[in-house]
Amino acid sequence: MIEAASSVEVDCSASDAFAFVADAANNPRWQQGMKSCEWTTEPPIRVGSVYQQEASFLGKPITSTFEVVALDPGSSITIRTIESTFPIEVTRSVESIDEARARVSAVVRGDASGVFRIASPLLSRMVQRSVRGDYERLRELCAGNWSPSN
């Protein structure tokens, strides 16, 4: 089992931060290796919503289908792969610090399989570094005054 966690403070409201991180269509803007993400279910985002993504990790393509398995609007979202070469579950949460700042956190859990099982001893550290980098990019995006609709 691989587990990685990260948390950053961002310069935007909790509602804007949550709207951004809960919408998978934004993933390529802040997640390294993310090629594309597209919702395959109609809005709004809810438990049972599904999206597909194309990414790469360690130079290997990863095609995944995710489902929203838990949602507390404005506060947290949990997604889980339902089809993937790299099965994971991600919980993202947002809490308000004040009206212009928020803390965004994530916990990523997964099991290495196939070609990734070979790299299992190093994979946990690599995933942790990747998640930390993603959330630093999120902080930079927020500092640039993005909005969920940008």
Side-chain angles (χ1 to χ4, degrees), residues 1-58 60 62-98 101-114 116-117 119-120 122-143 146-149:
M1 173 66 94
I2 295 166
E3 185 170 317
S6 190
S7 181
V8 296
E9 292 182 8
V10 295
D11 293 325
C12 64
S13 70
S15 62
D16 281 351
F18 184 80
F20 190 83
V21 300
D23 186 352
N26 291 319
N27 290 356
R29 294 179 60 192
W30 64 285
Q31 293 180 13
Q32 182 178 5
M34 192 65 52
K35 307 292 184 206
S36 66
C37 285
E38 185 175 309
W39 288 100
T40 58
T41 54
E42 294 296 318
I45 298 169
R46 62 194 175 287
V47 171
S49 291
V50 175
Y51 69 91
Q52 293 181 320
Q53 73 178 28
E54 299 287 331
S56 65
F57 186 68
L58 298 176
K60 299 290 183 189
I62 300 173
T63 301
S64 303
T65 302
F66 282 86
E67 180 180 17
V68 175
V69 296
L71 179 65
D72 182 2
S75 180
S76 69
I77 186 170
T78 300
I79 57 171
R80 181 180 305 140
T81 53
I82 54 177
E83 291 181 31
S84 181
T85 53
F86 193 81
I88 63 171
E89 179 178 282
V90 180
T91 299
R92 295 185 183 118
S93 58
V94 177
E95 63 180 296
S96 180
I97 295 170
D98 60 38
R101 291 184 51 77
R103 180 172 292 106
V104 182
S105 303
V107 176
V108 179
R109 293 181 180 89
D111 285 314
S113 62
F116 296 106
R117 188 175 303 275
S120 188
L122 299 174
L123 205 51
S124 185
R125 284 187 298 239
M126 295 172 85
V127 169
Q128 179 65 46
R129 185 177 22 220
S130 177
V131 170
R132 192 175 319 121
D134 290 345
Y135 281 78
E136 285 301 320
R137 278 185 292 286
L138 178 68
R139 180 196 325 251
E140 291 169 14
L141 271 174
C142 198
W146 55 264
S147 70
S149 59

Practice item. Identify the heavy atoms of V10 and C142 that sit nearest to each other, and give their distance. Key: CB-SG, 3.7 Å
Review point. R103 and side chain to side chain contact (heavy atoms under 4.5 Å, CB included): which partner among S7, S93, S96?
Key: S7
Revision key, fill the gap. Residues at least two apart in sequence or cross-chain that pass ring-ring contact (aromatic ring centres under 6.0 Å, His included) with Y51, listed by chain then number, are W39, F66
Practice item. State which residues pass side chain to side chain donor-acceptor pair (under 3.5 Å) with R132; sequence neighbours excluded, sorted by chain then number. Key: none
**Study point:** side chain to side chain contact (heavy atoms under 4.5 Å, CB included) involving S56 - partner list, sequence neighbours excluded
**Key:** K35
Practice item. Could you tell me whether R137 and E140 have a side-chain N and a carboxylate O separated by less than 4.0 Å? Key: no
Check your understanding: Among all residues two or more places apart in sequence or in another chain, which pass the side chain to side chain contact (heavy atoms under 4.5 Å, CB included) test with R101?
Key -> E9, D11, I97, D98
Practice item. Please name the pair of heavy atoms, one in P87 and one in T81, separated by the smallest distance, quoted to 0.1 Å. Key: CA-OG1, 3.2 Å
Practice item. Tell me, with the steps shown, if R109 and E3 meet side-chain contact (heavy atoms from CB on, under 4.5 Å). Key: CA-CA 4 Å; R109 293 181 180 89; E3 185 170 317; 3.2 Å; yes
Exercise for review: Kindly write out the residues that satisfy side chain to side chain donor-acceptor pair (under 3.5 Å) with E54, not counting sequence neighbours, or none if the list is empty.
Suggested key: T63
**Study point:** Taking every non-hydrogen atom, the tightest pair across P44 and R46
**Key:** O-NH1, 2.7 Å
**Study point:** Taking every non-hydrogen atom, the tightest pair across Y135 and A106
**Key:** OH-CB, 3.1 Å
Practice item. For the pair N26 and L141, evaluate side-chain contact (heavy atoms from CB on, under 4.5 Å) and give the outcome as yes or no after the intermediate values. Key: CA-CA 11 Å; N26 291 319; L141 271 174; over 6 Å; no
Study note, to complete from the structure: CG of N27 to OG of S36, rounded to nearest 0.5 Å, is 10.5 Å
Point to revise | side chain to side chain donor-acceptor pair (under 3.5 Å) partners of S64, counting only residues at least two apart | key: S84
**Study point:** Interatomic spacing from CZ in R129 to CD in Q32 - rounded to 0.5 Å
**Key:** 10.0 Å
Practice item. Using the test side chain to side chain donor-acceptor pair (under 3.5 Å), find all partners of T78 that sit at least two apart in sequence or belong to another chain. Key: T91
Exercise for review: State the OG-CZ distance between S6 and R139, to the nearest 0.5 angstrom.
Suggested key: 8.5 Å
Check your understanding: Mind checking what makes side chain to side chain contact (heavy atoms under 4.5 Å, CB included) contact with S13, not counting sequence neighbours?
Key -> S15, D16
Revision key, fill the gap. Sequence neighbours excluded, the answer for side chain to side chain contact (heavy atoms under 4.5 Å, CB included) partners of V50 is T40, T41, T65, E67, I82
Revision key, fill the gap. On a heavy-atom basis, the closest approach of L138 and W30 is CB-CE3, 3.8 Å
Review point. Which pairs, with at least one residue in residues 72-94 and sequence neighbours excluded, count as a salt bridge (Lys or Arg N to Asp or Glu O under 4.0 Å)?
Key: R80-E89
**Study point:** Where I45 and D23 come nearest, the two heavy atoms and their spacing
**Key:** CD1-CA, 3.8 Å
